Asks: 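Let me begin by handing over the structure; questions about it come next.
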Protein chains: 2
Amino acid sequence: MRISALAAEAGLPVATVKYYLREGLLQPGIATSATQASYDEHHLRRLRLVRALTGPVGLSVQQARAVLQLVDEPGDDLYATLGRAVGALPPEGAEPAEASDPFPRARAALEELGQVYDPGFAAVAQLECALAAAEDAGMPITRERLARYGRAAADLAAYDLERMPREPHAAVEYTVLGTALYEPVLLALRRLAHQDVAVRRLGRARPVE
Amino acid sequence: MRISALAAEAGLPVATVKYYLREGLLQPGIATSATQASYDEHHLRRLRLVRALTGPVGLSVQQARAVLQLVDEPGDDLYATLGRAVGALPPEGAEPAEASDPFPRARAALEELGQVYDPGFAAVAQLECALAAAEDAGMPITRERLARYGRAAADLAAYDLERMPREPHAAVEYTVLGTALYEPVLLALRRLAHQDVAVRRLGRARPVE
DNA sequence: ATGATTGGATAGTTGTACTCTCCAATATTA
DNA sequence: TAATATTGGAGAGTACAACTATCCAATCAT
């Protein structure tokens, strides 16, 4: 399969595929001559993944590249790789910074939840940032709500982890892509559940089942 | 309070505050003369909200404007207003489109969950889009996982709705801002829960409680 | 043999989110 | 009261991201 066929298959302009090649999101095809290279379904699958990450997931090209690189070469420390991969996902919280207690809100929250955490883990900064934003906007999160959300998150995590493949490479792919791809699903479901509950409570005619 | 004081208070350049005024994210101050206007804490709170929406929540300026307008002037149909507000939040799924069954995956999923839904509701398109992305990327969501996520979402929605203010204006603000501001919290908690579960299972030394 | 296609590089386009510069009118300060 | 600083408002300018278009000489298909 040549580049034009690959692009057509993926429904993208050739110029865009070339752009992804340049940016390192797509591995180069096997060169069959100075001006020809061949691509296979592996490349097609990758292209679809790139579109999923830059589209619905909302990653920038650079973030997608970072995530894909980690999936491609996980390194031998599974734990560190997963941490780094999640750090590459939006939203980006400010980095660890300076102070003795850089994440006061997140620390308090996690202690309250009785959760183990690594202060270097990017999600801690993300949590701090999100909690601060809610506060700044005048809608701070109550302890009770935090506990509720935390419990739900823990349930889902337990479920997901049970299904994680044993083999390290597959485990990284599963976790990283699972985080990136399933989060939008969870958010959409939450929004729809809000609507469902609202309709049942407020009583409204329009919706159909 | 004049514009420079407002900007200083919010930690922003004056030019940026002017930009938000131009873009209609911030309501103009009360003009005290041809070249002076005065702002109060109301404006400051709004400015913080704008930063929360364009920062951690990840809205573009236009999306933030759309959300804020709905919060400001909810219209008399609470249900429609909430639907429109959620539609203004990312990620944007393609619009209803054409075909007889524009959202096959989402429809199947919601039927499976036994949920009431309005096909015109933006979150349906978002769900369709997210499910399609997961499929395209080679990690389709199983029925079982969907059920699990759906149940978690329903629990959270029930909790949130119970706490929704009665007064319509306040209800819109609560729902819209709650969606925008609490979603990042939920995602961060999910990521941290993954790590927590992983550590407990895989056994790892570094993290602290 | 001849027109189309390719990889590779460079430049151009579009859109977003600011940021800067001006200006005359006002406010503050000396 | 005179000199200096600040303001609101408008328009232009900047920086970056994500493509998109153009070239080119080397192949490839017919």
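Given the structure is predicted, the values throughout are model-derived calculations rather than measurements. Naming convention: chains lettered A, B, ... in sequence-line order (proteins, then strands); numbering from 1 in each chain.
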Asks: Between the side-chain atoms of B/R2 and the base atoms of C/dT28, is any donor-acceptor pair under 3.5 Å?
Replies: no
Asks: Over all strands shown, is A/E23 touching base, sugar-phosphate only, or nothing at heavy-atom distances under 4.0 angstrom?
Replies: nothing
Asks: 5'-most contact on DNA chain D: A/P13 or A/T35, nearest heavy atom basis?
Replies: A/P13
Asks: Roughly, in whole Å, what's the span from CG in B/L26 to P in C/dC18?
Replies: 14 Å
Asks: Hey, is the main chain of B/Q27 close enough, under 3.5 Å, to the side chain of B/H43 for a donor-acceptor pair?
Replies: yes
Asks: Closest approach of A/Y39 and A/P28, non-hydrogen atoms and distance?
Replies: CE2-C, 4.2 Å
Asks: Take the protein atom CG of A/L59 and the nucleotide atom P of D/dA17, then report the distance between them rounded to whole Å.
Replies: 15 Å
Asks: Using a heavy-atom cut-off of under 4.0 Å over every strand shown, decide if A/A34 touches base, sugar-phosphate, or nothing.
Replies: sugar-phosphate
Asks: Does NZ or CZ of B/R163 lie under 6.0 Å from the centre of the six-membered ring of B/Y159, at an angle within 45° of the ring axis?
Replies: yes
Asks: Just the rounded figure in Å: distance from P of C/dG8 to NZ of A/K18.
Replies: 9 Å
Asks: Looking for any heavy atom pair under 4.0 Å, which part of the strands does A/S4 touch: base, sugar-phosphate only, or nothing?
Replies: sugar-phosphate
Asks: Does A/Q62 make a side-chain N or O approach to OP1 or OP2 of D/dA17 shorter than 4.0 Å?
Replies: yes
Asks: Within the 4.0 Å heavy-atom criterion, would you say A/A37 contacts the bases, only the backbone, or no part of the nucleic acid?
Replies: sugar-phosphate
Asks: Please confirm whether the shortest side-chain N or O distance from A/S33 to OP1 or OP2 of D/dA26 is below 4.0 Å.
Replies: no
Asks: For the pair made of CG in B/L21 and C1' in D/dT7, what is the distance, rounded to whole Å?
Replies: 12 Å
Asks: C/dC18 phosphate, OP1 or OP2: any side-chain N/O from B/Y20 under 4.0 angstrom?
Replies: yes
Asks: Under the criterion side-chain contact (heavy atoms from CB on, under 4.5 Å), which of B/L89, B/L25, B/L68, B/V61 is the partner of B/L53?
Replies: B/L68
Asks: 5'-most contact on DNA chain D: B/R22 or B/V14, nearest heavy atom basis?
Replies: B/V14
Asks: Grab the CG-P distance between A/L12 and D/dA18 for me, whole Å please.
Replies: 15 Å
